[in-house]
2 protein chains.
Amino acid sequence: MKNTIRRLPDAEQEVMQAIWACQPPVARADIERILFETHPMAMTTLLTLLTRLCEKGFITIEKNGRRSYYTPSISQEDYIAAQGKTFIEKLCGGSLSVLANALCDSGLTKDEIAQLRNLLERDEL
Amino acid sequence: MKNTIRRLPDAEQEVMQAIWACQPPVARADIERILFETHPMAMTTLLTLLTRLCEKGFITIEKNGRRSYYTPSISQEDYIAAQGKTFIEKLCGGSLSVLANALCDSGLTKDEIAQLRNLLERDEL
DNA sequence: AATTATGCTCTACAGTTGTAGAATATAGTT
DNA sequence: AACTATATTCTACAACTGTAGAGCATAATT
């Protein structure tokens, strides 16, 4: 669980989400299909982003004939946890009360807040 | 409480934090002093960032003689809440359990998690 | 009034990001 | 073997970001 993971630009992050949603190794077509829902783009655009993600160490690419397969090098859990840490430190200035307020004002309903509290309780063990 | 607030690039966000930390309207020297701790930069760099923040609608600039004074147009609370919303939606896919896990893995201690739960309880009312 | 100091705006530039067409390589087909 | 379809890599470019010097305007000083 590496805790210094750079924040990805939006488009690349979107691609990672698609990759994480699949069983690795992932074919381009699968990524494309998922992205089509959330963030449609030209195929070459996707391939550019995949190359950049590889350069940044977020995925590895293996090629089989003319096809490439993509495997995440960083787990979604680690990435989200690292971004959460950054959020708390950089945005909330490390203050949990600021964080709590942000969560409450972020549009979550009372029920959802209660649910979140329960989930935190369970994870506390 | 506007809920569509763009995410600022790091340097600009850092400047906003400094501005939010002061009583508006804020003089450049005050911002500079605070930034010196976290993110030192040339004075002209700071002024460039202030201009961009104004163009983006995050602050207003009033000038008095050759001096300028800066006032936030967007509150820190609104900004953090909006980013929190984006975090939950874009990164956690809207899943509270994913969010809870992220918080637990983000380096918070058990005590801090418990504290956060209490804060959420209080805000729930 | 002339000179100097100071605070801001303009200009600049390299690196990043979003986007995608052109070119290339390879697998499938006739 | 020649042709066609397809998957990837190269090249390109505009907008954004981080950074700061050059130039300009105005206030302070001599």
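Residue numbers start from 1 in every chain, and the chains themselves are labelled A, B, ... in the order their sequence lines are given, proteins ahead of strands.
Within the structure, salt bridge (Lys or Arg N to Asp or Glu O under 4.0 Å) pairs that include any residue of residues 63-76 of chain A do not occur (at least two apart or interchain). Listed by first then second residue, pairs satisfying salt bridge (Lys or Arg N to Asp or Glu O under 4.0 Å) with a partner in residues 36-50 of chain A number zero, not counting sequence neighbours.
Rounded to whole Å, the distance from OH on B:Y70 to P on C:dG7 is 11 Å.
Mapping A:R7 and B:S68 onto DNA chain C by nearest heavy atom places B:S68 closer to the 5' end of the strand.
Residues of residues 55-66 of chain B that place a heavy atom closer than 4.0 Å to DNA chain D, in numerical order, are B:K56, B:G65, B:R66. For DNA chain C, the neighbouring residues in residues 26-47 of chain B, judged by any heavy atom under 4.0 Å, are B:R28, B:T44, B:L47.
At a cut-off of 3.5 angstrom, counting only N and O atoms as typed in the model, there is a donor on one side and an acceptor on the other between the side-chain of A:R52 and the base of C:dT19.
Checking C:dT17, C:dT19, C:dC10 against every side-chain atom of B:T48, the shortest atom distance belongs to C:dC10.
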Would you be so kind as to tabulate the donor-acceptor pairs closer than 3.5 Å made by side chains of residues 7-36 of chain A, with sequence neighbours excluded?
{"from": "A:D10", "atom 1": "OD1", "to": "B:R7", "atom 2": "NH2", "distance (Å)": "3.2"}
{"from": "A:E12", "atom 1": "OE1", "to": "A:K56", "atom 2": "NZ", "distance (Å)": "2.7"}
{"from": "A:E12", "atom 1": "OE2", "to": "A:K56", "atom 2": "NZ", "distance (Å)": "3.3"}
{"from": "A:Q13", "atom 1": "OE1", "to": "A:Y79", "atom 2": "OH", "distance (Å)": "2.7"}
{"from": "A:Q17", "atom 1": "OE1", "to": "A:Q76", "atom 2": "NE2", "distance (Å)": "3.0"}
{"from": "A:Q17", "atom 1": "NE2", "to": "B:K90", "atom 2": "O", "distance (Å)": "2.8"}
{"from": "A:W20", "atom 1": "NE1", "to": "A:I74", "atom 2": "O", "distance (Å)": "2.9"}
{"from": "A:R28", "atom 1": "NE", "to": "A:E32", "atom 2": "OE1", "distance (Å)": "3.3"}
{"from": "A:R28", "atom 1": "NH2", "to": "A:E32", "atom 2": "OE1", "distance (Å)": "3.0"}
{"from": "A:D30", "atom 1": "OD1", "to": "A:R33", "atom 2": "NH2", "distance (Å)": "2.4"}

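Judged by distance alone, the side chain of B:T48 and the main-chain N or O of B:T44 form a donor-acceptor pair under 3.5 Å. With hydrogens and angles disregarded, no donor-acceptor distance shorter than 3.5 Å links the side chain of A:S68 to the backbone of A:N64.
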* To do: Please test A:N101 against B:L119 for side chain to side chain contact (heavy atoms under 4.5 Å, CB included), starting from the C-alpha separation and ending with a verdict.
  => CA-CA 8 Å; A:N101 277 323; B:L119 288 163; over 6 Å; no
* To do: Please lay out, stage by stage, how A:I5 and A:F58 fare under the test side chain to side chain contact (heavy atoms under 4.5 Å, CB included).
  => CA-CA 9 Å; A:I5 301 177; A:F58 276 75; 3.6 Å; yes
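Where DNA chain D meets chain B (any atom under 4.0 Å from a heavy atom), the bounding nucleotides read 5' to 3' are D:dT17 to D:dA27.
Of the charged side-chain nitrogens involved, none lies within less than 4.0 Å of a carboxylate oxygen, so that B:E121 and B:R117 do not count as a salt-bridged pair.
Residue B:A102 comes nearest to A:I80 through the heavy atom pair CB-CG2, 3.4 Å, listed as atom of the first residue, atom of the second, then distance.
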